[in-house]
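Single-structure report; data block below.
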Amino acid sequence: MSSLLVDNIGELVTNGAGEGPLGIRRNAAVLVEEGRVVWVGPSAYAPAADRRLDAGGAAVLPGFVDSHAHLVFAGDRAAEFAARMAGQPYTGGGIRTTVGATRAATDNELRATVRRLRGEALRQGTTTMEIKSGYGLTVADEARSLRIAAESSTETTFLGAHVVPAEYADRPDDYVSLVCGPMLAAATPYAKWVDVFCERGAFDVDHARAILACGQAAGLGVRIHANQLGPGAGVRLGVELDAASVDHCTHLSDADVDALAGTARSDGSGTRTVATLLPGAEFSTRSPYPDARRLLDAGVTVALATDCNPGSSYTSSMPFCVALAVREMRMTPAEAVWAATAGGARALRRDDIGVLTPGARADLVVLDAPSYLHLAYRPGVPLIRQVMRNGVTP
Ligand code: NIG
Ligand code: FE
């Protein structure tokens with residue numbers, strides 16, 4: 001069994017035992033065996049290992065966990081982005097443009113896009129990335145989207161209820177039946193989660209409840225796009241169905257925040273349902289950012305994710321989202337880094353990632369910086385010096 005010691009770490013973010021909310025250890029080392037962390041402690045007392053990776057006094061943190069991304073698509077919508085920057089509002093209507101391009105694409109074209117974006121994210125420190133379907137919207141196209149997604153991630157999400165496709169525009173009930181019936185059956189072998197875009201212009205709360213309940217009955221975990229473009233009952237529906245995560249949360253009422261806070265875990269470690277905030281979407285649609293402080297102050301567990309998609313947020317960069325969350329959403333750098341690592345893990349109901357403690361997966365990043373603070377302090381700078389995933393440096 002080969003072991004690897006990452007030592008000479010100036011600042012180690014463990015998200016476990018240590019200083020402050022990030023469980024920081026200084027002058028630390030991490031011992032890795034068979035893809036797992038087996039020991040964390042002072043560099044001076046590190047056990048011997050077969051190989052050594054000298055962090056040179058830099059900061060090391062858990063790899064980012066991007067718990068919300070739409071990578072299976074074709075084409076781009078740069079012109080739509082330019083029109084928005086010239087004053088057009090975002091309505092989600094462009095989703096149908098991407099559906100057309102995705103249906104027309106070959107498997108290999110879709111696969112190449114997923115791999116390109118997954119690789120791009122990995123180089124920016126993302127060691128786990130959730131991938132949704134949702135631009136196929138036929139039984140065959142949703143199944144192949146998930147099949148291709150599953151080649152790059154175990155965290156795959158069936159989003160057949162992204163919008164009602166044009167051919168069902170005047171009979172949405174029939175589309176919901178399709179999603180709950182043959183489409184779900186074709187998706188389930190490749191999916192771990194079910195998601196619905198619950199919003200005016202997409203699916204109302206009754207349709208969303210029906211689809212999520214079918215997915216749940218088929219063994220999938222629940223997540224939901226809710227309260228992105230306006231207020232609504234989506235967040236409360238997520239809580240009702242024990243969703244792992246309610247995503248976007250841009251327009252929240254007091255009742256929504258109370259409902260999320262009401263999912264508090266008995267051990268005091270935050271909430272069962274996580275609020276996943278996607279500041280790349282507000283950036284790229286020039287919309288007001290969600291109120292992260294209000295959620296954090298109410299005790300709600302917050303995650304940050306990219307929402308990487310060709311319409312509302314074409315970024316794969318978790319460091320960019322961390323910087324946005326700090327500058328625009330009044331999260332502290334520590335809150336933002338926690339939300340982008342351990343928070344994302346919680347949004348996927350995982351406890352083996354997002355932390356660097358014995359037993360966790362050896363997924364980590366070495367920064368080209370002495371502290372995690374630099375992720376927000378030096379926005380737009382490529383600070384990821386090295387990435388390790390499952391104990392391997394790709
Ligand atoms: O999460 N809101 C719904 N879905 C995506 C946007 C998809 C698109 O515009 O293509 C989102 O922002
Ligand atoms: Fe999304």
Side-chain angles (χ1 to χ4, degrees), residues 66-85 88-103 105 110 113 117 121 129-137 141-142 145 149 155-166 193-204 207-208 211 222-230 232 234-235 238 243-251 274-290 303-316 318 321 324 344 347-348:
D66 185 352
S67 60
H68 184 137
H70 309 246
L71 304 190
V72 195
F73 64 84
D76 77 32
R77 285 156 44 204
E80 182 191 313
F81 173 77
R84 273 204 303 279
M85 295 305 109
Q88 291 291 315
Y90 175 78
T91 60
I95 294 173
R96 289 203 181 90
T97 308
T98 302
V99 169
T102 304
R103 288 177 179 175
L110 296 178
T113 296
L117 293 170
M129 198 168 192
E130 182 256 20
I131 305 179
K132 301 175 194 297
S133 66
Y135 291 112
L137 311 187
D141 286 310
E142 284 297 300
S145 295
E155 301 293 345
T156 51
T157 301
F158 171 45
L159 180 59
H162 198 180
V163 288
V164 176
W193 303 96
V194 60
D195 191 348
V196 171
F197 184 23
C198 182
E199 197 81 37
R200 189 188 295 272
F203 294 86
D204 66 23
H207 281 156
I211 293 161
V222 171
R223 33 206 334 106
I224 183 168
H225 281 70
N227 303 52
Q228 175 187 6
L229 306 177
V235 164
S245 178
V246 292
D247 296 39
H248 284 287
C249 296
T250 311
H251 298 267
V274 173
T276 299
L277 309 182
L278 308 162
E282 278 74 34
F283 178 89
S284 297
T285 59
R286 193 170 273 151
S287 304
Y289 289 90
L304 287 170
T306 61
D307 197 14
C308 184
N309 77 79
S312 64
S313 182
Y314 201 5
T315 181
S316 56
M318 289 294 279
C321 295
L324 280 183
L348 295 170

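In listed order, ligands and their atoms are each counted from 1. None of these values were measured; they are calculated from a predicted model.
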Ignoring hydrogens and angles, state whether a donor on the side chain of Asp307 or His70 is under 3.5 Å from an acceptor on the partner side chain.
yes
Could you tell me whether the side chain of Glu130 and the main chain of Leu348 form a donor-acceptor pair under 3.5 Å?
no
Take the angle between the ring planes of His225 and His162 and call it parallel below 30°, perpendicular above 60°, tilted in between.
tilted
So do the side chains of Glu155 and Ser67 get within less than 4.5 Å of each other, counting heavy atoms only?
no
Parallel, tilted or perpendicular, judged at 30° and 60°: which one describes the rings of His207 and Phe203?
perpendicular
Are any of the side-chain heavy atoms of Arg77 and Tyr314 separated by less than 4.5 Å?
no
Residue pair Thr91 / Leu229, side-chain heavy-atom distance below 4.5 Å:
no
Tell me if a side-chain donor or acceptor on Arg96 pairs with a main-chain N or O of Val164 at a distance below 3.5 Å.
yes
Is there side-chain contact between Asp141 and Tyr135, with heavy atoms separated by less than 4.5 Å?
no
Which pairs of nitrogen or oxygen atoms, taken one from ligand 1 and one from the protein, are under 3.5 angstrom apart?
unit_1	atom_1	unit_2	atom_2	d
ligand 1	1 (O)	His70	NE2	3.4
ligand 1	1 (O)	His225	NE2	3.0
ligand 1	1 (O)	His248	NE2	3.0
ligand 1	1 (O)	Asp307	OD1	2.9
ligand 1	1 (O)	Asp307	OD2	3.0
ligand 1	2 (N)	Gln228	OE1	2.7
ligand 1	4 (N)	His162	NE2	2.8
ligand 1	9 (O)	Arg77	NH2	2.9
ligand 1	9 (O)	Tyr90	OH	2.5
ligand 1	10 (O)	Arg77	NH1	2.6
ligand 1	10 (O)	Arg77	NH2	3.4
ligand 1	10 (O)	Tyr135	OH	2.6
ligand 1	12 (O)	Gln228	NE2	3.4
ligand 1	12 (O)	Asp307	OD2	2.8
ligand 1	12 (O)	Ser312	OG	2.5

Is any protein N, O or S atom closer than 2.8 Å to the Fe ion (ligand 2), and if so, which?
His68 NE2, His70 NE2, His225 NE2, Asp307 OD1
